[in-house]
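The structure appears right after this line, and notes come after that.
The chains referred to below are lettered A, B, ... by the order of the sequence lines, with proteins before strands, and numbering in each begins at 1.
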Amino acid sequence: LVTYTTLITGFCKLAKLDDAYDLLNRMSNAELTPDVVTFTSLMDGLCREDRLSDALHLLGEMRRRRCFPTVYTYNTILDGYCRANRLEEARKFMLEEMDCPPNVVSFNILIRGLCKAGRSTEAVEMVEEARRKSCLPDVVMYTTVIDGLCREKKVDEACRMYEKMLQESGCSPNAITYSTLIAGLCNAGMLDRAREFISRGCIPNTATYSLLIDTFRKAKRDEEARELLDDMISRGFSVV
RNA sequence: CGCCUAACUGCUU
């Protein structure tokens, strides 16, 4: 069962739904009953193909078979609503249709949906809503909101979220957080602030450095670009 | 030990 489900998950991620369904049939032929993970993976595959209504049907089908959804299953559906830009329905689903409490991933999915829809201000509010509902904001949540704010050119507010993140217990920025924030600062032309992050505690990766160096060059600040490159080398990055 | 969420890059284009 695990082997089949693992393969089905793989096909779903590769957007090879036909192959996934083939395997599902072969499972039944082998007298194996799909479990909640199998169903969740298939629903994820359907959602990624923008087939939310089929995913919802499958949810009904699994319940009919006395196979009960978990928070993973519900999160998959939530993400399906968000992909379809049906954010109000996503929210309604979370509040009314789930028979288990949402977790931090549930909120992260909705927050990402709001950000993608250019509604990052509401996303910021939802961080507090999550906290009220005992889902402590994590690094993914903060990074998502920071990215959303940056894309809407609200870079100052993004920096404020970063500061807030530092106050949060059990949550510290990682390389993705920094590359997100630094990309936002670069796009806003705030090169000096971007550079401060590098010189402080930030964990940069190659992509972050490359973007920063490139932005300095475009701003005709070759001297500083050069310094960053040296900095990069001295931190042990291999430069081609 | 198998399923859900974040930046960049690449693939699907």
Side-chain angles (χ1 to χ4, degrees), chain A residues 1-17 20 23-24 27 32 34-50 52 55 58-59 62 67-83 90 93-94 98 100 102-116 120 123 126-127 130 135 137-151 155 158 161-162 165 171-187 194 197 202-215:
Chain A
L1 171 62
V2 172
T3 309
Y4 273 107
T5 301
T6 306
L7 289 169
I8 287 174
T9 304
F11 280 127
C12 286
K13 284 194 196 299
L14 292 171
K16 300 245 175 224
L17 269 189
L23 274 174
L24 187 65
M27 270 179 84
L32 287 170
D35 69 1
V36 56
V37 178
T38 320
F39 281 117
T40 302
S41 291
L42 284 167
M43 286 165 50
D44 189 44
L46 289 167
C47 288
R48 287 179 199 279
E49 302 251 289
D50 282 316
L52 173 61
L58 198 56
L59 177 63
M62 71 183 270
C67 176
F68 298 102
T70 63
V71 67
Y72 281 73
T73 316
Y74 290 124
N75 286 345
T76 299
I77 295 290
L78 279 178
D79 201 37
Y81 275 111
C82 290
R83 298 181 116 87
F93 185 87
M94 185 173 85
M98 287 173 53
C100 61
N103 64 12
V104 65
V105 174
S106 320
F107 281 100
N108 287 347
I109 289 166
L110 292 188
I111 285 172
R112 163 130 203 277
L114 288 168
C115 288
K116 263 181 45 191
S120 61
M126 190 166 279
V127 171
C135 293
D138 65 0
V139 56
V140 173
M141 191 178 288
Y142 275 106
T143 304
T144 305
V145 173
I146 288 170
D147 185 52
L149 289 167
C150 288
R151 286 180 200 275
V155 184
M161 287 305 289
Y162 169 76
M165 179 178 189
C171 171
S172 39
N174 59 22
I176 297 183
T177 315
Y178 284 112
S179 67
T180 303
L181 191 53
I182 286 172
L185 290 165
C186 285
N187 290 333
F197 280 103
C202 141
I203 323 146
N205 54 27
T206 307
T208 309
Y209 264 120
S210 305
L211 172 67
L212 197 52
I213 290 169
D214 206 47
T215 311

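A/Thr9 comes within contact range of the sugar-phosphate backbone alone, with a heavy-atom separation under 4.0 Å but no base atom that close. If you check every strand for non-hydrogen atoms under 4.0 Å, A/Thr144 touches sugar and phosphate atoms only. Among the protein residues, A/Thr143 comes within range of the nucleic acid bases, having at least one heavy atom under 4.0 Å from a base atom.
Judged by distance alone, with hydrogens and angles left aside, A/Asn174 brings no side-chain donor or acceptor close enough to the base of B/A7 to form a pair under 3.5 Å. You'll find a donor-acceptor pair under 3.5 Å spanning the side chain of A/Thr5 and the base of B/G2, going by distance alone.
Whole-Å rounding puts the A/Met141 CE to B/C4 C1' distance at 14 Å. A/Phe11 places its CZ atom 16 Å from the C1' atom of B/C3, with the value rounded to the nearest Å. As rounded to whole Å, 13 Å separates atom C1' of B/C1 from atom CG of A/Leu1. In this structure, the CG atom of A/Leu32 is 18 Å from the P atom of B/G2, given to the nearest Å. Distance, A/Asn75 CG to B/C4 P: 10 Å, rounded to whole Å. At whole-Å resolution of the value, CG in A/Leu23 and P in B/G2 are 18 Å apart. Distance CZ (A/Arg83) to P (B/U5): 7 Å, rounded to an integer number of Å. Atom pair A/Lys116:NZ and B/A7:C1' shows a separation of 15 Å (rounding to whole Å applied).
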(Q) For a side-chain contact (heavy atoms from CB on, under 4.5 Å) check, start with the C-alpha distance between A/Leu52 and A/Leu46, then their side-chain angles and the critical distance, and finish with the verdict. (A) CA-CA 6 Å; A/Leu52 173 61; A/Leu46 289 167; over 6 Å; no
Q) Are A/Phe107 and A/Met94 close enough, and set up right, to give a side-chain contact (heavy atoms from CB on, under 4.5 Å), and what steps lead you there? A) CA-CA 9 Å; A/Phe107 281 100; A/Met94 185 173 85; 3.5 Å; yes
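At the phosphate of B/U5, OP1 or OP2 sits under 4.0 Å from a side-chain N or O atom of A/Arg48.
Remark: A/Thr206 engages A/Ser210, A/Met232, A/Phe237 in a side-chain contact (heavy atoms from CB on, under 4.5 Å) (not counting sequence neighbours). Legend: residues meeting side-chain contact (heavy atoms from CB on, under 4.5 Å) with A/Val104, ordered by chain and number and at least two apart, are A/Asn108, A/Cys135, A/Asp138, A/Met141. Applying the side-chain contact (heavy atoms from CB on, under 4.5 Å) test to A/Tyr72 and every residue at least two apart in sequence or in another chain returns A/Thr40, A/Thr70.
With hydrogens and angles ignored, the 3.5 Å screen pairs no side-chain donor or acceptor of A/Asp79 with any backbone N or O of A/Asn75.
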So which protein nitrogen or oxygen atoms get under 3.5 Å of nucleotides 8-13 of chain B's nitrogens or oxygens?
from	atom 1	to	atom 2	distance (Å)
B/C8	OP1	A/Arg151	NH2	2.6

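Minimum atom distance to the side chain of A/Val37 is reached by B/G2, of the listed B/G2, B/A7, B/C4. Listed candidates were B/G2, B/C4, B/A6. Nearest to the side chain of A/Tyr72 is B/C4. In the set B/C3, B/A6, B/C4, the nucleotide with an atom closest to the side chain of A/Thr40 is B/C3.
In terms of heavy-atom proximity, A/Pro173 sits nearest to A/Val139 at CA-CG2, 4.4 Å.
Near RNA chain B, meaning a heavy atom under 4.0 Å away, the residues from residues 103-112 of chain A are A/Val105, A/Asn108, A/Ile109, A/Arg112.
Within the 6.0 Å centre-distance limit, the rings of A/Tyr178 and A/Tyr162 are counted as a close aromatic pair.
Comparing B/U13 with B/U9, their C1' atoms are spaced 16 Å from each other, to the whole Å.
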Side-chain polar contacts of residues 3-11 of chain A - donor-acceptor pairs under 3.5 angstrom, sequence neighbours left out - could you list them?
from	atom 1	to	atom 2	distance (Å)
A/Thr5	OG1	A/Leu1	O	2.9
A/Thr5	OG1	A/Thr38	OG1	2.9
A/Thr6	OG1	A/Val2	O	2.6
A/Thr9	OG1	A/Thr5	O	2.8
A/Thr9	OG1	A/Ser41	OG	2.8

